There are 2 protein chains.
Amino acid sequence: MSEAKTIGPRPYHHGDLTRALVDAARRLLEAEGPSALSLRAVAREAGVSPAAPYHHFKDKAELLDAVANVGWDLLGVQMSTAKAATTGMQQLTALGIAYVCFARENPALYHVMYDAAREKDEMPEGVQGNKDSAYCMVRDTMIENGADPSQDTHLELAGVAAWCGAHGLAEMASFKQFDHLKEQLGGEVPFFEAVLSHMGLFPKPHHDC
Amino acid sequence: MSEAKTIGPRPYHHGDLTRALVDAARRLLEAEGPSALSLRAVAREAGVSPAAPYHHFKDKAELLDAVANVGWDLLGVQMSTAKAATTGMQQLTALGIAYVCFARENPALYHVMYDAAREKDEMPEGVQGNKDSAYCMVRDTMIENGADPSQDTHLELAGVAAWCGAHGLAEMASFKQFDHLKEQLGGEVPFFEAVLSHMGLFPKPHHDC
DNA sequence: TTCTAATTTGAACGATGTTCAGATAGGCAC
DNA sequence: GTGCCTATCTGAACATCGTTCAAATTAGAA
């Protein structure tokens, strides 16, 4: 068959279509948003027939799961890097800001990461599924700083509050809201930090009781 | 012409199809979940042809907007009721719990309320659009209790944190997560209250510092 | 080489969102 | 009543979607 070639005529057998499809999906996601992410469009972007993906993914949901997993991996890297750059309880703030910034910088991907789970009514793997998942990283950081949640319900609740708060802030941030506060505080990141400082166990600048 | 459409006027052929369609959509949402909410299914449920809705809504998104608005109205009622049942800063906790409980009790509707907005990348009307919107109700309650956010950036940030936190908790609650904590605290509502007490300006029930 | 299993394709099916010409029927002038 | 206007509703159509399947193609083992 003669077809438009990006890097040369593709042989009948692609080689690594699984990866190519996930990459194509991410490209589409970046360029056109989540609503443009149809199975056929992904196949088209990968230069392959609409039926080809079915030999690599059970259905569309499984393809989206794969894309979501890439997102969780990227988030994990971003959070790890942020954590490594700080020490003590400030690491928790760094993790929270990394989480919110990731959602802000990759809104379409972030959307897919949770949408895949919403369909199934179960928490995404990337949250609590394994030791590298996001919330587990938070818990580990707490423990490393002598705040073991499993030993203290109060701490556990603070951790949950911090997690929920960061997620809520990430969602609201994706709506591009609270612009006057961002401006007043000198940018998005200071705004994120200021909001997070009111949540759960994130260290507060001044705590009066 | 434009007549009151709440109760009274009987327009035409099929009755008030505008309302009938929204009702049918809510019925489908309740019975089959958000993924079953196609325009054609709604028309079918209302006993009408697939093209009929287009004389009452510009497109599917506008129908979903109408459904979402019903949801925001219901949430407003639930929050107002909760607020009226308490006094002082406890009203803020009541508002937060009402918000989270609404999301927990109407997961499909809650999903539609935000999905309609996610499509457009703008905050739903029901959050900040008018004086009866949810976040405005929170701000009003703050002001009534002598905590005017417009006078104090710190208070404003605490309000934003509380709002984001409640939203994040509502989302996580829809995933039916943190079951061991719920059990330990004696139910979902005590769990919600405990988490919220770690967020923003929600008063802490046990005044330990 | 020959055989086998894994990929890929093209065509097909049912369902979806949407449009459009035409049918239906209330409201109004006469 | 008769005629007309206009909003409403239908049926058929179109493009797209997710998915399945037999047939075509090719890689890799025998």
Side-chain angles (χ1 to χ4, degrees), chain A residues 1-25 28-29 31-68 112 115-116 118-120, chain B residues 1-5 8-25 28-29 31-68 112 115-116 118-120:
Chain A
M1 336 297 197
S2 61
E3 51 216 34
K5 45 185 173 77
T6 47
I7 10 177
R10 177 180 61 74
Y12 192 93
H13 285 328
H14 183 283
D16 193 356
L17 188 52
T18 304
R19 166 175 292 266
L21 286 170
V22 174
D23 288 347
L28 271 179
L29 207 48
E32 322 236 16
S35 59
L37 206 58
S38 69
L39 228 207
R40 292 178 104 105
V42 172
R44 223 177 292 137
E45 170 78 17
V48 104
S49 91
Y54 285 89
H55 292 265
H56 302 266
F57 301 98
K58 187 172 118 292
D59 53 12
K60 184 188 180 185
E62 202 169 282
L63 208 203
L64 292 190
D65 268 346
V67 175
V112 170
D115 239 32
R118 272 188 260 263
E119 233 49 33
K120 298 179 292 192
Chain B
M1 305 303 209
S2 63
E3 329 247 288
K5 36 189 111 164
R10 63 194 142 257
Y12 257 77
H13 228 138
H14 201 283
D16 190 348
L17 187 53
T18 303
R19 169 175 285 267
L21 286 169
V22 174
D23 287 348
L28 271 178
L29 206 49
E32 322 236 15
S35 61
L37 206 57
S38 69
L39 228 208
R40 291 178 104 104
V42 172
R44 224 176 292 134
E45 170 77 18
V48 104
S49 92
Y54 285 89
H55 292 266
H56 301 265
F57 301 99
K58 187 171 120 292
D59 54 13
K60 184 188 179 185
E62 202 168 281
L63 207 203
L64 292 189
D65 267 347
V67 175
V112 170
D115 239 31
R118 272 189 261 262
E119 232 50 30
K120 299 180 291 190

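The basis for the numbers below is simple: all heavy atoms, side chains too, and nothing from hydrogens, waters or symmetry mates. First the proteins, then the strands, lettered A, B, ... as listed; each starts at 1. As the structure is a prediction and not an experimental result, all values here were calculated from the model.
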First encountered from the 5' end of DNA chain D, between L37(A) and G47(B): G47(B)
Heavy-atom side-chain contact between V67(B) and L29(B) under 4.5 Å: yes
Nearest-angstrom distance from the residue atom NE2 of H56(B) to P of dG17(C): 17 Å
Where do N or O atoms of nucleotides 11-15 of chain D meet protein N or O atoms at under 3.5 Å, pair by pair?
none

Contact check, side chains of P53(A) and L39(A), non-hydrogen atoms, under 4.5 Å: yes
Inter- and intrachain pairs under side-chain hydrogen bond (donor to acceptor under 3.5 Å, both in side chains), touching residues 47-60 of chain B, at least two apart: T18(B)-H56(B)
Stepwise salt bridge (Lys or Arg N to Asp or Glu O under 4.0 Å) check, K120(B) with D65(B): CA-CA 11 Å; K120(B) 299 180 291 190; D65(B) 267 347; 3.4 Å; yes
Qualifying residues under side chain to side chain donor-acceptor pair (under 3.5 Å), relative to S38(B), sequence neighbours excluded: none
With sequence neighbours excluded, residues passing side-chain contact (heavy atoms from CB on, under 4.5 Å) with A20(B): L17(B)
L17(B) CG to dG26(C) C1', straight-line distance once rounded to whole Å: 16 Å
DNA chain D contacts made by residues 58-68 of chain B, counting heavy atoms under 4.0 Å: none
Euclidean distance, atom CG of residue D16(A) to atom C1' of dA27(D) [Å, nearest integer]: 15 Å
Whole-Å gap separating P (dC17(D)) and CD (E32(A)): 11 Å
Distance in angstrom units between F57(B) CZ and dT18(C) P, rounded: 13 Å
Atom-pair distance (CG on L21(B); P on dT8(D)), nearest Å: 12 Å
Value in whole Å for how far the P atom of dT16(C) lies from CD of E45(B): 13 Å
Separation of dG10(C) P from R44(A) CZ (nearest whole Å): 14 Å
5'-most by nearest nucleotide on DNA chain C - Y54(B) or A52(A): A52(A)
Salt bridge (charged side-chain N to carboxylate O under 4.0 Å, His left out) contacts touching residues 45-55 of chain A (sequence neighbours left out): R27(A)-E45(A)
Partners passing side-chain contact (heavy atoms from CB on, under 4.5 Å) against E32(B) (at least two apart in sequence or in another chain): L28(B), A36(B)
Pairing residues for P50(B) by the side-chain contact (heavy atoms from CB on, under 4.5 Å) criterion, not counting sequence neighbours: R40(B)
